[in-house]
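First the structure, in the form of structure tokens, and then the observations on it.
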Protein chains: 2
Amino acid sequence: MAGHASQTTSTPDTGSISTQASSVYDRLQTDILTGKLRPGHKLRLKDLIKHYDTGNSPLREALNRLSANGMVVREENRGFRVPPASADQLGEITRTRCWLEEIALRESIKNGDSDWEERIVLAFHWLARTAHRIDEASKSTSPEWEQHHREFHLALISACNSSILIDFCAELHQRAFRYRNLAEVVEYRDRHELEEHEELQWAVLRRDADKAVELLRKHHTVTAELLVETGHFD
Amino acid sequence: MAGHASQTTSTPDTGSISTQASSVYDRLQTDILTGKLRPGHKLRLKDLIKHYDTGNSPLREALNRLSANGMVVREENRGFRVPPASADQLGEITRTRCWLEEIALRESIKNGDSDWEERIVLAFHWLARTAHRIDEASKSTSPEWEQHHREFHLALISACNSSILIDFCAELHQRAFRYRNLAEVVEYRDRHELEEHEELQWAVLRRDADKAVELLRKHHTVTAELLVETGHFD
DNA sequence: TGTACAAATAATATCGAAAAAAGTAAGATA
DNA sequence: TATCTTACTTTTTTCGATATTATTTGTACA
């Protein structure tokens, strides 16, 4: 009698999707990161309300959260839009990412205990498993692969002793992820991503910080260059 | 009815008084950073609406923005509260700050042009000017001094070629600022902050990266240690 | 033809109240 | 006395509507 809202919570025991605002937040974020919502696109409240089937307030709260993270751009009295994209911006993201992850990785290699090593081994295991199941072409667009990829990179730096730094790196990873999707690169040429990650894993477990950092930098910069060459943003 | 000059804005050309949400955002942020709102304090919407004399929606938007930055803690269906504070957390902030500002400073010293140098000289000038006008005791609590202090530190790293990294540093500066206020340290003992900044300025302009980084690290860690010794958070 | 101004239109920001959820306290049962 | 249930209160979240602000369109005038 009380529950006329059926679509939201099918599993009511543990608050899976508790508030509407968070639900819209997640969906909006996904659509922006995957490139479904194109850079520069004007986010009209009316349209979004219809498309995400929600109310004014939750939508607005979601947009405000996203704007604080730079995931959408907010202009006072002028609404919201999807942030623009450019090769320059990708360059800045990549550069910053290399700096921050170098620190986080070196610190992790210095401080990491056996739990940390286990996390890395496991994360790589899942990455490899997923990569083998999925054909090369759709690898980059598979949400499953992307999640394992993300978790592998986070595992590497998870012993750096600064959750703040980890958060920053995660944010940069997200932004880079968006560019990967925007570029819509179909063929990954003769690049063997899994092997790159494997090499990286070994260097880290060997505690060879210099080698690991070198591999990580190359991993990021090569990806960025490939995207700039092949794809066109904005 | 068409008269655009109404009650709110006396200068209607550029939206000076932007939106109510932004106004509340600023005031809330100030009250949290200055310690007027204590760590762990429950932020009840009703009370805030009365205290800040605003409506439901703008307040809620402000809180959502703040929560995305970690400036307030959000728990689903359970409202908002001021983030807790601890010596550990301050340690993490300080550690991370040293890492990030080292990079940003080294890059700035490497790339900085004459404009960058000018920005530093000017920023220090204002810092010194303000410091001399204000008595030592109230220095740390003066909003004016704090602004110049902030701008000086940002000027140092402003040529690092990554606005993202600058934003991260600014966020860390804010968080550290909160701890300075929470500790309520009255006497700054025999510490001469202005001289520390001056030394730092010279090292940077001399392009002595190693020395500059050393001074910066010391600046941050000494401050943090002083706060942990003297003040008690939570 | 171009510019300034004013009304019309569209979009955003805000308000007040209803709905949903969480928290609290009293009463029943063992 | 301890624990569980149930009704009640507080608080958060959401909706529908209104007020405010920006943008576009149309019209008079130079």
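Chain naming here is simple, since letters A, B, ... match the order of the sequence lines and numbering starts at 1 in each.
What separates CZ of R78(B) from C1' of dA21(C) is a distance of 10 Å, to the nearest Å. Computed from coordinates, the E76(B) CD to dA21(C) C1' distance equals 12 Å when rounded to whole Å. Rounded to an integer number of Å, the gap from CD of E61(A) to P of dT14(D) is 6 Å. Rounded to an integer number of Å, the gap from D53(B) CG to dT14(C) C1' is 13 Å.
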Shorter than 3.5 Å, N or O on both sides, protein versus nucleotides 16-19 of chain D: list them out with atom names.
from, atom 1, to, atom 2, distance (Å)
dA17(D), N6, N56(A), ND2, 3.3

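When distances are taken from the side chain of T54(B) to each of dT12(D), dC15(C), dC15(D), the shortest belongs to dC15(C). Distances from the side chain of Q20(A) to the nucleotides dT21(D), dT14(D), dC15(C) place dT14(D) closest. When each of dT21(D), dC15(D), dT14(C) is scored by its nearest atom to the side-chain atoms of N77(A), the top-ranked nucleotide is dT21(D).
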Inset, instruction - Kindly determine whether R180(B) and L227(B) satisfy side chain to side chain contact (heavy atoms under 4.5 Å, CB included), including the steps that lead there. - result: CA-CA 7 Å; R180(B) 251 186 293 149; L227(B) 295 183; 3.8 Å; yes
Counting only pairs under 3.5 Å, give me each side-chain donor-acceptor contact of residues 149-156 of chain A, with atom names and distances, residues two or more places apart or in other chains.
from, atom 1, to, atom 2, distance (Å)
H149(A), NE2, H153(A), NE2, 3.1
H149(A), NE2, H197(A), NE2, 3.1
E151(A), OE2, Q147(A), NE2, 3.0
H153(A), NE2, H197(A), NE2, 3.2
H153(A), NE2, H219(A), NE2, 3.4

Check residues 85-99 of chain B and write down every donor-acceptor pair under 3.5 Å in which the side-chain atom is one partner and the other belongs to a residue at least two apart or another chain.
from, atom 1, to, atom 2, distance (Å)
S86(B), OG, Q89(B), N, 3.1
E92(B), OE2, S163(A), N, 2.8
E92(B), OE2, S163(A), OG, 2.7
E92(B), OE2, I164(A), N, 2.9
T94(B), OG1, L90(B), O, 2.7
R95(B), NH1, N161(A), O, 2.2
T96(B), OG1, S162(A), OG, 2.7
T96(B), OG1, E92(B), O, 2.7
R97(B), NE, E101(B), OE2, 3.3
R97(B), NH1, H220(B), ND1, 3.4
R97(B), NH2, H173(B), ND1, 2.8

Acceptor/donor pairs from residues 31-40 of chain B side chains to any protein atom, 3.5 angstrom cut, sequence neighbours excluded:
from, atom 1, to, atom 2, distance (Å)
D31(B), OD2, Y52(B), OH, 2.6
T34(B), OG1, T30(B), O, 2.8
R38(B), NH1, G35(B), O, 3.3

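Judged as a side-chain hydrogen bond (donor to acceptor under 3.5 Å, both in side chains), and not counting sequence neighbours, the contacts of E144(A) are R133(A). Remark: R65(B) pairs with N64(A), S22(B) by the side-chain hydrogen bond (donor to acceptor under 3.5 Å, both in side chains) rule, at least two apart or across chains. Listed by chain and residue number, R207(B) satisfy the side-chain hydrogen bond (donor to acceptor under 3.5 Å, both in side chains) test with E117(B) (two or more places apart in sequence, or in another chain). For R119(B), the side-chain hydrogen bond (donor to acceptor under 3.5 Å, both in side chains) criterion is met by S158(B), not counting sequence neighbours. Y25(B) is linked by a ring-ring contact (aromatic ring centres under 6.0 Å, His included) to nothing, counting only residues two or more places apart in sequence or in another chain. Legend: residues meeting side-chain contact (heavy atoms from CB on, under 4.5 Å) with D113(B), ordered by chain and number and at least two apart, are D115(B), W116(B).
Side-chain nitrogen and oxygen atoms of R60(B) include none within less than 4.0 Å of the OP1 or OP2 phosphate oxygen of dT14(D).
Proximity of residues 37-51 of chain B to DNA chain D (heavy atom under 4.0 angstrom from any strand atom) is restricted to K42(B), L43(B), R44(B), L45(B). Residues from residues 63-74 of chain B with heavy atoms under 4.0 angstrom of DNA chain D: there are none.
Heavy atoms from other residues, nucleotides or ligands lying under 6.0 Å from NZ of K42(A) number more than 12.
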